[in-house]
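Below is one structure; the comments refer to it alone.
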Amino acid sequence: MKISREDVRNVAIIAHVDHGKTTLVDELLKQSGTFRAHQEVGERIMDSNDIEKERGITILSKNTAVNYEGVKINIVDTPGHADFGGEVERVLKMVDGVILVVDAFEGPMPQTKFVLKKALELNHPVIVCVNKIDRPEARPEEVMDEVLELFLELDAGDDQLDSPFVYASAKSGIAMLELNEHGTDMKPLFETIIRHIPAPTGDPDAPTQVLISTIDYNEYVGRIGIGKVENGSIHVNQDVLLVNHHDPSVNKKVRISKLYEFAGLNKVDVREATVGSIVAISGIADIHIGDTICDPDSPDPLPFQKISEPTIAMQFLVNDSPMAGQEGKYVTSRHIRDRLFRELNTDVSLRVEEMENSTDSFKVSGRGELHLSVLIENMRREGYEFAVSKAEVLYRTDEKGRKTEPMEIAVIDVPEEFSGTVIEKLSMRKGELQNMSMSGTGYTRLEFSIPSRGLIGYRGEFMTDTKGNGILNTLYDGYGPYKGDIQYRKQGSLIAYESGTTITYGLFNAQERGTLFVGPGEKVYSGMIVGQNAKTDDIEVNVCKTKKLTNTRASGSDEALKLTPPRILSLEQALEFIDTDELVEITPKNIRLRKKILDPTARYRAKRNSQG
């Protein structure tokens with residue numbers, strides 16, 4: 001017989017990137033008494049890894065739990081970036097309702113629509129939290145109307161249209177049910193969760209069923225499966241069967257050696273868990289997302305949300321430059337292979353394929369440039385050294401045999417004076433303007449439908465064109481017909497002519513040709529890219545050239561040479577800059593750009609063959 005567990009609520013916090021999800025979770029943790037009175041607590045506690053803290057984004061969904069007046073509220077903080085949408089989709093299977101956080105100034109954004117659509121498809125009740133109401137330019141009433149319009153657009157049911165609204169300032173730690181109230185704490189939000197999010201239901205006497213929705217990884221205990229107990233109960237030392245609804249080949253008897261529940265930011269050992277509890281299970285070596293842990297006598301796997309397919313791919317190669325192996329700790333193909341396959345333990349949206357024609361390269365496919373650049377940055381910090389190629393989109397063929405490619409919706413907010421430039425640039429990249437509206441604050445909102453490859457390498461250019469004032473958000477929009485060729489880069493590369501150390505005299509002569517990426521005293525090698533040419537073709541420059549000394553002196557000839565400071569590229573900028581015949585060399589200490597073929601004669605021959 002099914003029962004409701006009134007002492008538990010399972011809720012996910014969903015939102016567009018930067019609308020304040022993680023800060024909101026911080027406040028719920030603090031105000032529920034999770035921390036001791038004088039415990040020092042940082043900001044954005046849930047963003048635990050360095051990259052998340054530096055970039056101010058959530059990459060991995062995380063579980064936490066708070067207690068409020070005798071009710072345990074399991075909270076899952078989810079990513080807001082489209083590149084990590086795979087995380088959001090599967091987490092929603094674990095919860096019974098969602099809190100949709102919307103910025104009181106920006107209103108619903110592309111990712112708000114994406115995550116809300118997923119929640120509505122699962123019939124989850126929604127609490128709308130209009131956050132950042134203390135912003136000077138906040139417009140909560142208008143945002144409320146925009147959210148209701150979004151519900152209508154997504155064909156929400158009547159119950160979902162009656163969703164409660166809570167107004168909050170996560171930063172100040174207050175929430176209220178009416179705008180004219182004076183909030184003092186998060187109590188109204190806690191009470192709305194308990195009132196509006198249904199208690200989990202299930203049959204505690206039925207055979208065990210736990211659907212694994214997330215995988216954590218720990219070097220000491222290996223893979224940790226996280227999921228909700230749908231039916232029955234689960235206890236330590238229980239013999240269970242691992243099965244998968246979509247893969248009949250998964251059928252394995254295992255034993256539960258360790259069982260945890262969440263309390264605050266920690267996992268707590270428990271002996272047993274019953275219906276509605278979110279548990280973490282360690283000790284099962286090859287547990288995967290989508291697996292169901294069942295009673296061996298009645299194997300009944302639960303269906304699972306299909307994870308979105310990758311849309312772009314890069315090649316990861318063993319570094320073979322003249323400087324290979326000098327800075328990295330892990331440099332061989334075996335090291336790189338092991339690390340990439342280990343990433344598959346926790347990242348379900350990633351694909352890794354070994355190349356048939358080479359043992360030294362791997363094709364890595366993901367959901368977007370950010371998805372892959374975060375993996376590259378993590379590997380680099382761990383001491384890996386390797387090279388990566390330009391990101392390329394994954395094409396498909398439809399039923400009629402036509403070539404199709406991934407499309408994106410790009411929503412852009414720019415000051416009015418820059419909108420002409422943005423429209424012109426995106427039109428050249430096969431973008432089609434779908435909508436244009438004025439916000440009244442001097443900003444114009446542009447909506448484009450554009451191929452994913454049209455956005456590769458565009459973000460840096462966009463920030464330059466809008467003098468850093470533009471906001472660009474994108475959302476994957478399925479596959480559409482191939483839009484034709486796109487000319488990516490208007491400028492060529494400046495290539496080092498010989499190996500050596502850069503000299504001011506050589507750099508001074510080279511900087512007349514374009515923008516340099518290297519300063520004096522840096523090691524370079526033949527075939528390395530040292531700058532961007534002002535013209536369209538690649539040219540070789542000798543940045544190691546020294547001045548020939550003579551015994552005659554002309555007046556003024558020995559005055560100090562003035563060098564323009566070099567442009568230092570970040571990882572993202574380097575990945576955006578390279579062309580299809582170039583690579584980014586990644587080491588723990590440096591990011592270098594190079595040609596795939598380092599030898600100038602062989603490079604010229606290959607170029608002539610490809611054109612001929």
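Here the side chains of Val126 and Leu116 are in contact, with some heavy-atom distance below 4.5 Å. Phe448 is listed as a side-chain neighbour of Leu426, based on a closest heavy-atom distance under 4.5 Å. Counting heavy atoms from C-beta outward, Val166 and Val130 have side chains that stay 4.5 Å or more apart. Side-chain contact check for Leu569 versus Ile591: every heavy-atom pair is 4.5 Å or farther apart. Contact annotation: the side chain of Leu494 approaches that of Ile539 to within less than 4.5 Å [non-hydrogen atoms, C-beta and beyond]. Between Met528 and Ile495 there is no side-chain heavy-atom pair separated by less than 4.5 Å. Using a 4.5 Å heavy-atom cutoff, the side chains of Leu350 and Glu343 are in contact. In this structure, Ile312 and Leu372 have side chains that are in contact, with non-hydrogen atoms separated by less than 4.5 Å.
Looking at Glu142, its side chain never comes within 3.5 Å of a backbone N or O of Arg139 through a donor-acceptor pair. Formation of a donor-acceptor pair under 3.5 Å by the Ser169 side chain with backbone atoms of Ile133 is not found in this model. Between the Ser419 side chain and the Glu416 main chain, a donor and an acceptor come within less than 3.5 Å of each other. For the pair Thr404 (side chain) and Asp398 (backbone), a donor-acceptor distance under 3.5 Å is absent. Side-chain atoms of Ser452 come within 3.5 Å of backbone N or O of Pro406 as a donor-acceptor pair. Judged by distance alone, with hydrogens and angles left aside, the side-chain atoms of Arg429 form a donor-acceptor pair with the main-chain N or O of Gly454 at under 3.5 Å.
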Step-by-step side chain to side chain contact (heavy atoms under 4.5 Å, CB included) determination, Ile14 to Ile99: CA-CA 6 Å; Ile14 59 174; Ile99 300 173; over 6 Å; no
Candidate pair Arg453 and Glu392, rule salt bridge (Lys or Arg N to Asp or Glu O under 4.0 Å), full reasoning: CA-CA 7 Å; Arg453 65 198 164 97; Glu392 292 177 10; over 6 Å; no
From CA spacing to verdict: side chain to side chain contact (heavy atoms under 4.5 Å, CB included), Met355, Lys363: CA-CA 7 Å; Met355 305 298 284; Lys363 181 181 176 183; 3.6 Å; yes
Pair Leu571-Ile376, side chain to side chain contact (heavy atoms under 4.5 Å, CB included): steps then yes or no: CA-CA 9 Å; Leu571 172 62; Ile376 292 167; 3.8 Å; yes
Derivation and outcome, side chain to side chain contact (heavy atoms under 4.5 Å, CB included), residues Val98 and Ile13: CA-CA 6 Å; Val98 297; Ile13 297 201; over 6 Å; no
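In this structure, a donor-acceptor pair under 3.5 Å is present between the side chains of Ser373 and Glu572. In this model, no donor atom of one side chain and acceptor atom of the other lie less than 3.5 Å apart for Gln532 and Thr515. No hydrogens or angles considered: nothing links the side chains of Gln491 and Thr536 as a donor-acceptor pair under 3.5 Å.
Cation-pi geometry between Arg396 and Tyr479 is met: the NZ or CZ atom falls under 6.0 Å from the ring centre, inside 45° of the normal. Within the cation-pi definition used here (under 6.0 Å to the ring centroid, within 45° of the axis), Arg380 does not qualify as a partner of Tyr384.
Between Arg135 and Asp103 there is a salt bridge, with a side-chain nitrogen of the basic residue lying less than 4.0 Å from a carboxylate oxygen of the acidic one. Between Glu405 and Lys483 there is no salt bridge, since no side-chain nitrogen of the basic residue lies less than 4.0 Å from a carboxylate oxygen of the acidic one. Taking a cutoff of 4.0 Å between a charged side-chain nitrogen and a carboxylate oxygen, Asp96 and Lys228 qualify as a salt bridge. Under a 4.0 Å N-O distance rule, the pair Asp579/Lys390 does not qualify as a salt bridge. We find that Lys596 and Asp581 are not joined by a salt bridge, their nearest charged nitrogen and carboxylate oxygen being 4.0 Å or further apart.
The six-membered or imidazole ring of Phe362 lies away from that of Phe316, with a centre-to-centre distance of 6.0 Å or more.
Checked against side chain to side chain donor-acceptor pair (under 3.5 Å), Lys467 has no partners two or more places apart in sequence or in another chain. In this structure Thr292 satisfies the side chain to side chain donor-acceptor pair (under 3.5 Å) test with no other residue, sequence neighbours excluded.
Under the 30°/60° scheme for interplanar angles, the aromatic rings of Tyr395 and Tyr482 are found to stand perpendicular.
Minimum interatomic distance between Ile197 and Pro125 (heavy atoms only, all atoms of both residues): CD1-O, 4.3 Å.
One finds the CD1 atom of Ile529 at 5.0 Å from the NZ atom of Lys595 (value rounded to the nearest 0.5 Å). How far CG of Leu575 is from CG of Leu583: 11.0 Å, rounded to the nearest 0.5 Å.
Within the structure, salt bridge (charged side-chain N to carboxylate O under 4.0 Å, His left out) contacts touching residues 151-168 (residues at least two apart or in different chains) are Lys113-Glu153.
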